[in-house]
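First the structure, in the form of structure tokens, and then the observations on it.
Below, read A as the first sequence line, B as the second, and so on, with proteins coming before strands; counting in each chain starts at 1. As the structure is a computational prediction, the values presented were derived from the model and not from experiment.
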Amino acid sequence: MKKILTLLAVFSLLLTACNKQFIEILPVDTVTVDVLYKTDKDYQDATIGVYSIFQDQYQNMYYFGDIRGDDVWDELVKGTAGAVDNFTLANDDALLRDTWRNYYKAITRANALLEKIATADAAVVTNKNRHTGEAEFLRALAYFDLVRIFGDVPLVTKTLSIDESYKTPREKVDKIYDEVIIKDLLDAEAKLPASYSGADVGRATKGAAKALLGKVYLTRKDFAKAEAKLQEVTTLGYALLPNWADLWDYTKNEHHSEYIFDIEYEQGLGGEGSIYTNRFTPKVTSMIAFYGITGSVDDQNTPHQVLFDLFDAKDKRKDITASKGYTDATGKFIPILISSNNMSAYTRKYIVKITTANDSPANWKVIRYADVLLMYAEALNENGKTATALPYLNQIRTRAGVDPYTTLSQTDMRDKIALERRMELAFEGHRWFDLVRTGQAYTVMQKYGMRPYNTLFPIPFAQIQLINNPAIFPQNPGYN
Amino acid sequence: MGGAGAEDLTTYSDITNNPLYNAIVIPTYQSLLNPDGSYYPFGNGLDAVVTSKNPLALAKEVKGKQKGFGFLGNTFLEYSILNNLKVNVMLGINLMNIKGSYFKPQMAAFLNELASGTDNASMRLNWITETTLNYTKSLGKHNFTGLLGYTTQRETFESNSLTSNKYPNNLVPTLSAVSGILTGGTSNVAEWSLVSYLGRINYNYNSKYYATASVRTDGSSRFGSDNKYGLFPSLALAWRISDENFMKDIRQINELKLRASYGKTGNNNIGNYDQLATINYEKYVLGNTGIGGYSAGRLGNPALTWEKQEQINIGMDVSFLNNRIALTIDHFRSRNTDLLLNVNVPDITGFNTALKNIGEVKNNGWEFAINTVNVEGKFRWQTSLNFSTYKNQVTKLGPSGDPIISGGNITMIGQPVGMFYGWLTNGIFATKADLDKGPLWNPGGRDASRVGDVRFVDVSGPKGVPDGIINSFDRTVMGSPYPDFYYGMTNNFSYKSFTLSVSLQGVQGNSVLALSREQSANDRARFRQYAIMNNYWKSESDPGNGYSVRPNDVPTGNFRGTYSQRWLDDGSYLRINNIAFGYSLPDNIAKKLTFSAIRLSFTANNPFLFTKYIGFNPDVSLSTSPLTPGNERYDYPTAKSIIFGINLGF
């Protein structure tokens, strides 16, 4: 043995002596990013990196879109959710930190892809248009959410060095819309395919880009362009599901005629599920057992009484949207006992049997056709075409089993559309942004503790501290 | 050559599967077992308690094992070229294989989570070669030795892990039960290499004056192509004063030696490929199936290079009274530059941290050791005592000098590395009058401070001065994870065939951030709490112990503010870490029993601990990052053991 080792020693010396390569080691189980972005598959894989960050971020969307508004509250006033609800969120809260970080990660990944693909040979990268369109769509979505949450934000459209990042200012919201969001969506709608098949279903489509662009125009009160763009969406073959409850039946295909763009989640894939089911279920043991929900539940996202009061008794959306109990196997309604231990009401939109904690198959519906119809009706009405708008609003009502409206004045139509959006889209991350978009936020939310500057959230404190240059990177008013 | 070892380790990467965590959070009024002997399911049926798994079931039903087998060997070859010139070639090999398995069955006591299992294995191979040319020469009273050397070292670590939660039942714990449906798997290879060239000259004159000079250059695979090598010189001098003629007559002093040294060393203790912009694997759901992809995992930094430390040390060894008292004193000062730190960078880069050579830390310290023979003779008593104290201070950091906040620790200029950072507290608001004086958390808000809530200290505000409001501006350095001093003592006694040795060790003056207590107090008041919460605020006339707040179901007054002085405990302790007692039987008795010697022994390891710290173990060592020292989170207590032994000589 000793002899063998000695021989080995001498041998290894010969091998390694004066060999510069000896201390050049490249990883085996990963590669450096510069060897990628060559083949079509490389770019396809890179889009996955952009989509996947939205899976993280959209688990937070209910804080911004729902809890912040009037229809949903945080009944138990716990932590971040309580602070979002009652307008006391500290500027160093992890929700803000993660949100900022997630969106800029998405943007950085999209930027890297777009920089590389710009010079790629379309003969090699055969789906060049599609990959480009997807990255643009996702970058636009990230910026759209960012400006709606934070207002002015840094405009980053290329890979940024650390030194540059300290010198990049917050840019006006209008500039972000003009120079990236609208530009990206216009390009994406031209480049994306109308639909996908097989293992590509779920990627951004032409319809998704048009629908999002319509929403962007509507948000900017550019009603003419909104009407035109949303009209295009109505010609693409989308249709409301006949049975509204099927939207929330996760044993059925989530990519149905009403689906336009979702953030996709699935159970049993090792961490690809969503948290919504566990997060939004009250801690009522018998109910948890009845639904078959594994893992702890979080008592978040309580429907407020004002939401219950909106619905007509015969509205088919009522019991799924907001409920104060459950109907057991014998058909008996078991109410939630009022207690300070658990929330007293919940939404059933995300209820499904869960076999692994926080691994729900429920997608987050970023935009669905009902939303498009209501936005189209809104755009038409704002453009003075109230009568033309009416049938689009009534499509939604008829499906819900409630009486359609007959003639309405422009003002009434505006109110009815807003009301219908609350009933149709509750718990889908829209209410707060609708309130802000229509200028109603302060009027409605004042009594819940909102101050006028709360239309925007604070910039994460750590970023303010790090960049430490109020001239180019100030905090939002009211949060200093 | 040779050597083998085995180890049995069980790790809990997920805190909710940690029996200790669950044992702390479950309510004590509920027994762990149902009357029929089954485990009580804590997650079900008790709405008023925090969701937890049955700790007894975790300890007994979860099968987790890591077994290791290692091999350590080295061999060398020596060849004399000339009388005083030799070549040495050495090869060392260190091999460690670990094989592990884990199985958690599905049961009500585990919240009915699906049964899950893991199978993992790893192999670490580390080899080193060392070739040196040694020269020795004596000319009269001048003695030289010289060395030129070359070493290479390489480590390869391969590991893989497969997991599944598709078990049909709890009967078979291995992955063969899942019909090939794996829900997770990794396979990793990590390698590093190091090449060094070194030269050293030792000189002494008449064993009175000593000088050593050395220089080495190390190249590490972990750094960027142009920055792989670091140059590290050193020089050491010593003077044995006691051998000088003028000292020869001072009989009280047996030995007196002065030492001084300067040295520069390098640190490459970072990840193997941190210089490179490697990718992360990503996953998304398309077509209802998981689709893999990638994203850039970090910012590459080809300029990354060695962290350096320069140190000056002066010391003295002295012994007197016939060597009955020996004293060693050392003082050092050092400066670390080009620190390898993960610093925060603006998130708009797409990354929140980047590894850089940044910053500078200064250290200084004193070390004292004294060995005494207190009693000589049949009864012998010997004592060794050591005492040391260290200080460090960050002097430079990052491009804008901004502090690095890592959880409850902060690293900032002018302070030691990783000081505790958070809100200072000043008791509770015992009365309405107290509350009116403030300062308040979120005044006017629904969670504003109320009577019975914590009173924080108003340190600052948005304008840089106290503003009567508690918010993130009031966070400050609230304590130190570093002891004022460390000490240790060993006493050895012997009398005839009896021996007794007692050793103790302790630290004084540091704080511990007790995150497990923070977590339990962070839950609602009706959940299980530490006993110190018992005498809580009940009313203005019964304000309790002035520490424990109003029982709080809906948090107000930032009670749950994560990092505050409430969770800082005194980490000082004195531990008697070893008592060993031995007795050798008289030879004639041993001989009668046909042995050459019989020795009986009794050893107690860690039998006593004296501390005010209320957690299990004040000697926290949970975090490996130098930026987050002193964090405790469900640390296991130090094991106590009592060993009886019989030594038989043949």
Top contributor to chain A interface from [options] [non-hydrogen pairs under 4.5 Å]:
{"options": "B/K228, B/K166, B/R222, B/Q106", "result": "B/K228"}
{"options": "B/N471, B/N272, B/L194", "result": "B/L194"}
{"options": "B/T186, B/N352, B/V345", "result": "B/N352"}
{"options": "B/L299, B/N280, B/T289, B/N288", "result": "B/N288"}
{"options": "B/K283, B/E191, B/E113", "result": "B/K283"}
{"options": "B/T183, B/N188, B/I405, B/N165", "result": "B/N188"}

Per-residue contact mode, [X] against chain B (heavy atom under 4.5 angstrom):
{"X": "A/S286", "answer": "neither"}
{"X": "A/A46", "answer": "both"}
{"X": "A/I263", "answer": "both"}
{"X": "A/N91", "answer": "side chain"}
{"X": "A/Y479", "answer": "neither"}
{"X": "A/D92", "answer": "side chain"}
{"X": "A/D262", "answer": "backbone"}
{"X": "A/S52", "answer": "both"}

If you take all heavy atoms of [X] and [Y], which pair is closest and at what distance?
{"X": "B/G350", "Y": "A/K105", "answer": "O-CG, 3.3 Å"}
{"X": "B/Y294", "Y": "A/D42", "answer": "OH-O, 2.9 Å"}
{"X": "B/P346", "Y": "A/L466", "answer": "N-CD2, 3.4 Å"}
{"X": "B/I348", "Y": "A/P154", "answer": "CG2-CG, 3.8 Å"}

Could you tell me which portion of [X] (side chain, backbone, both or neither) has an atom closer than 4.5 angstrom to a non-hydrogen atom of chain A?
{"X": "B/F473", "result": "side chain"}
{"X": "B/T349", "result": "both"}
{"X": "B/R475", "result": "side chain"}
{"X": "B/I181", "result": "neither"}
{"X": "B/Q153", "result": "backbone"}
{"X": "B/Y281", "result": "side chain"}
{"X": "B/Y273", "result": "side chain"}
{"X": "B/A277", "result": "both"}
{"X": "B/N344", "result": "both"}

### Query
Do B/F351 and A/Y104 have ring centroids that are under 6.0 Å from one another?
no

Output the option from [options] having the highest count of non-hydrogen pairs under 4.5 Å with chain B.
{"options": "A/Y196, A/Y51, A/F54", "value": "A/Y51"}
{"options": "A/A199, A/G198, A/G49, A/G270", "value": "A/A199"}
{"options": "A/Q465, A/R101, A/E266", "value": "A/R101"}
{"options": "A/P460, A/G202, A/S161, A/S165", "value": "A/S165"}

### Message
Going by salt bridge (charged side-chain N to carboxylate O under 4.0 Å, His left out), name the residues that satisfy it together with A/E134, two or more places apart in sequence or in a different chain.
### Response
A/R130, A/R203

### Message
What verdict does the side-chain contact (heavy atoms from CB on, under 4.5 Å) test give for A/L26 and B/L276, after you've listed the backbone C-alpha separation in whole Å, the side-chain angles of each residue and the deciding distance to 0.1 Å?
### Response
CA-CA 9 Å; A/L26 286 175; B/L276 303 168; 3.9 Å; yes

### Task
Kindly write out the residues that satisfy side chain to side chain contact (heavy atoms under 4.5 Å, CB included) with B/S193, not counting sequence neighbours, or none if the list is empty.
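In terms of side chain to side chain contact (heavy atoms under 4.5 Å, CB included), with neighbours along the sequence ignored, B/S193 is linked to A/F22, A/I23, A/I25, B/R154, B/S221.
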
### Query
Is the backbone N or O of B/D347 less than 3.5 Å from a side-chain atom of A/Q463, with the two atoms forming a donor-acceptor pair by type?
yes

### Task
For a side chain to side chain contact (heavy atoms under 4.5 Å, CB included) with B/I291, tell me which candidate from A/D45, A/I48, A/T47, A/L269 qualifies.
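Among the candidates, only A/I48 passes.
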
### Nearest-0.5 Å distance that lies between atom NE2 in A/H255 and atom CG in B/L286
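One gets 8.0 Å once the value is rounded to the nearest 0.5 Å.
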
### Task
Measure the OG1-CG distance between A/T88 and B/N442 for me, rounded to the nearest 0.5 Å.
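So the OG1 of A/T88 and the CG of B/N442 are separated by 5.0 Å.
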
### Task
Apply side-chain contact (heavy atoms from CB on, under 4.5 Å) to A/V50 and B/E282, showing your working.
CA-CA 9 Å; A/V50 194; B/E282 304 286 346; over 6 Å; no

### Query
Are more than 12 heavy atoms from other residues, nucleotides or ligands located less than 6.0 Å from atom CD1 of A/I472?
yes

### Task
With ring-ring contact (aromatic ring centres under 6.0 Å, His included) as the test, would you mind laying out the steps for A/Y265 and B/Y284 before giving the verdict?
CA-CA 8 Å; A/Y265 301 94; B/Y284 189 63; 7.8 Å; no

### Task
Report the C-alpha distance between A/T294 and B/L111 in whole Å, list the side-chain angles of each, state the deciding distance to 0.1 Å, and finish with yes or no for side-chain contact (heavy atoms from CB on, under 4.5 Å).
CA-CA 7 Å; A/T294 304; B/L111 312 172; 5.5 Å; no

